[in-house]
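Quick one: this structure, given as structure tokens, is what I'll be asking you about.
Counting starts at 1 for both ligands and their atoms, in listed order. In this text, all values refer to a predicted model and were calculated from it rather than measured experimentally.
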Amino acid sequence: MRRCGRCHHWEPAGAPDCERCAGIVDEIVESGWRGFVTQEFGTLTASDEHAVAEMVIDEPDRHPWRVVDAAYDRLTCAECGDRLSRGPAGCTACDLANGFRFVAVETDRPGVPPGNEHALRVNVSVVRRPSGISSREVRGRRLSLPHLLDGYLPTTRQAQAARALLNERGTAKRLSRDDDRPPAR
Ligand SMILES: [Zn+2]
Ligand SMILES: [Zn+2]
């Protein structure tokens, strides 16, 4: 794991507030999109890419989650004007899209424990659309991203313990413990 040069978290745990870390999280889905487009279509014009994105979200259950999430990024929500699925909580169209994304296909990467990819996808989706989710939960999910990307999967007991810790600790203490920042910048 590496420290982000801008926010000093383990990459990309500074997302979504740190632009650099947020870019790394976006790249998780963007790399999936590029691989899919290259394999299926070669190169695409912007308008073709838009059409492919619409095709993908018509059948989200037939595509990997990274491809589906990236497809939503390419479409504009008619209701709130944000990228579809990433608008504020309460936007009906985005809430619906955010639910549909979870029917997408999830395949564990080689060499990582089963379930890692699921944890990664859930945490990526929360960090990329934190609206309506408690700051405590967003913090827990963003802080686990570097570990999940490394191929680590918490056991159920560890996950429960971490959640209990997040629920119990005072904010200041939790920030210094869980953020795992180096003492000086
Ligand atoms: Zn950062
Ligand atoms: Zn919306």
Fill in: Cation-pi check, Arg3 onto Trp10 ring (under 6.0 Å, within 45° of axis)
yes
Item to complete: Find out whether Leu143 and His9 are in side-chain contact, i.e. whether some heavy atom of one side chain is under 4.5 Å from a heavy atom of the other.
Response: yes
Item to complete: Answer yes or no for His8: is there an N/O/S atom below the 2.8 Å cut-off from the Zn ion (ligand 1)?
Response: no
Worksheet entry | Stepwise salt bridge (Lys or Arg N to Asp or Glu O under 4.0 Å) check, Arg66 with Glu106 | CA-CA 9 Å; Arg66 295 165 199 247; Glu106 181 179 288; over 6 Å; no
Worksheet entry | Closest heavy-atom pair and its distance - Asp73, Glu30 | OD2-OE2, 4.4 Å
Discussion item. If I take the Zn ion (ligand 2) as the centre, what angle separates the SG atom of Cys77 from the SG atom of Cys94? Nearest 10 degrees is fine.
Written reply: 110°
Worksheet item: With the Zn ion (ligand 1) at the apex, how many degrees lie between SG of Cys4 and SG of Cys7, rounded to 10 degrees?
Response: 110°
